[in-house]
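Atoms within each ligand, like the ligands themselves, are counted from 1 in listed order. Here the structure is a predicted model, which means the values were calculated and not measured.
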Amino acid sequence: MTENKQIGKIKFIICEDKEEVAREAAKIFAKAIREKPDIILGLATGSTPIGLYKELICLKKEEGLDFSQVSSFNLDEYLGLSGDHPQSYRYFMNSNLFNHINIKKSNTHVPDGKAKDPKDSCQKYEEAIKQAGGIDLQLLGIGGNGHIAFNEPGSEPDSRTRVVDLTERTIKDNARFFEDESQVPKKAITMGIGTILETKKIVLLAAGSNKKDAVAKSIKGSINSDVPTSFLQNHPDCTFITDREAASSL
Ligand code: PGA
């Protein structure tokens with residue numbers, strides 16, 4: 001059983017556990033894809049979206065949910081990793097979603113971690129989003145420090161797709177995916193907060209007690225770059241789907 005509430009402009013769907021978070025998110029994504037088959041999705045990596053991606057794969061297999069006209073733009077990529085590196089976000093997306101649904105790979109976009117000219121590549125990424133007509137539905141996770149994508153504390157609300165340094169905390173948080181911490185890249189390409197705030201609808205997923213402080217600060221604290229997710233308070237259509245633990249400090 002979910003509990004719905006609204007704090008300011010932000011809508012909450014509070015679920016029993018992370019499995020229900022995935023199911024509720026899948027309902028929103030499936031409905032949006034059925035209503036607009038050529039939808040532009042903004043997608044995210046990390047451990048939180050995996051359950052949603054599994055649900056979407058099931059809906060494709062069992063109900064024929066059709067991704068043939070869908071396009072996607074991912075939030076971020078490690079600088080220095082090519083798409084066939086197992087820790088790259090392109091590899092993550094292919095193995096956790098794209099390889100299992102009927103999306104055209106040419107319609108899927110992930111920032112190029114191996115770009116010869118990363119600055120130019122960031123600008124082209126922004127242009128490609130604009131040319132596609134903008135992102136209709138954006139999926140987000142939330143970092144323990146309130147980052148969105150790789151927009152770490154200090155990121156400005158008008159920031160665009162760019163190269164950023166990762167904080168010590170993010171490097172430590174992400175070391176679990178690498179052999180050791182020294183292998184975690186120190187830089188990444190990320191969509192900016194300004195880019196994210198321009199998306200038409202946002203769904204942020206958070207599960208577990210390690211997210212409860214970040215969730216509470218995003219909603220209850222003042223809106224400033226110390227907590228990048230606090231800028232979501234200004235978005236006209238943003239829904240947080242959380243489990244009970246992640247919502248326990250609200
Ligand atoms: P996680 O990462 O889903 O692996 O917790 C979320 C994030 O850092 O944005």
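Nearest protein heavy-atom neighbour of atom 7 (C) of ligand 1: His147 NE2, 3.6 Å. Taking atom 6 (C) of ligand 1 as the reference point, the nearest protein heavy-atom neighbour is Ile142 O, 3.6 Å.
Any N or O atom pair closer than 3.5 Å counts here, and Lys211 shares at least one such pair with ligand 1.
For ligand 1, the atoms sitting less than 4.0 Å from at least one non-hydrogen atom of Thr48 are 1 (P), 3 (O), 5 (O), numbered in the order shown with element in parentheses. Each of the atoms 3 (O), 4 (O) of ligand 1 lies under 4.0 Å from some heavy atom of Gly46. Contact atoms of ligand 1 toward Gly141: 9 (O) (distance under 4.0 Å to a heavy atom of the residue).
Centroid-to-centroid, the aromatic rings of Tyr78 and Phe178 come within less than 6.0 Å. If you look at Phe67 and Phe98, their ring centroids are not closer than 6.0 Å.
Of the N and O atoms on the side chains of Asn174 and Arg169, not one donor lies less than 3.5 Å from an acceptor on the other residue. Side-chain atoms of Asn145 and Lys217 include no donor-acceptor pair closer than 3.5 Å.
Heavy atoms of other residues, nucleotides or ligands lying less than 6.0 angstrom from NZ of Lys116 number 12 at most.
Note on Asp120 versus Lys124: salt bridge recorded, some NZ/NE/NH1/NH2 to OD/OE distance being below 4.0 Å.
Neither the backbone nor the side chain of Ile148 comes within 4.0 Å of ligand 1, counting heavy atoms alone. Of the heavy atoms in Arg176, only side-chain atoms (C-beta onward) come closer than 4.0 Å to ligand 1.
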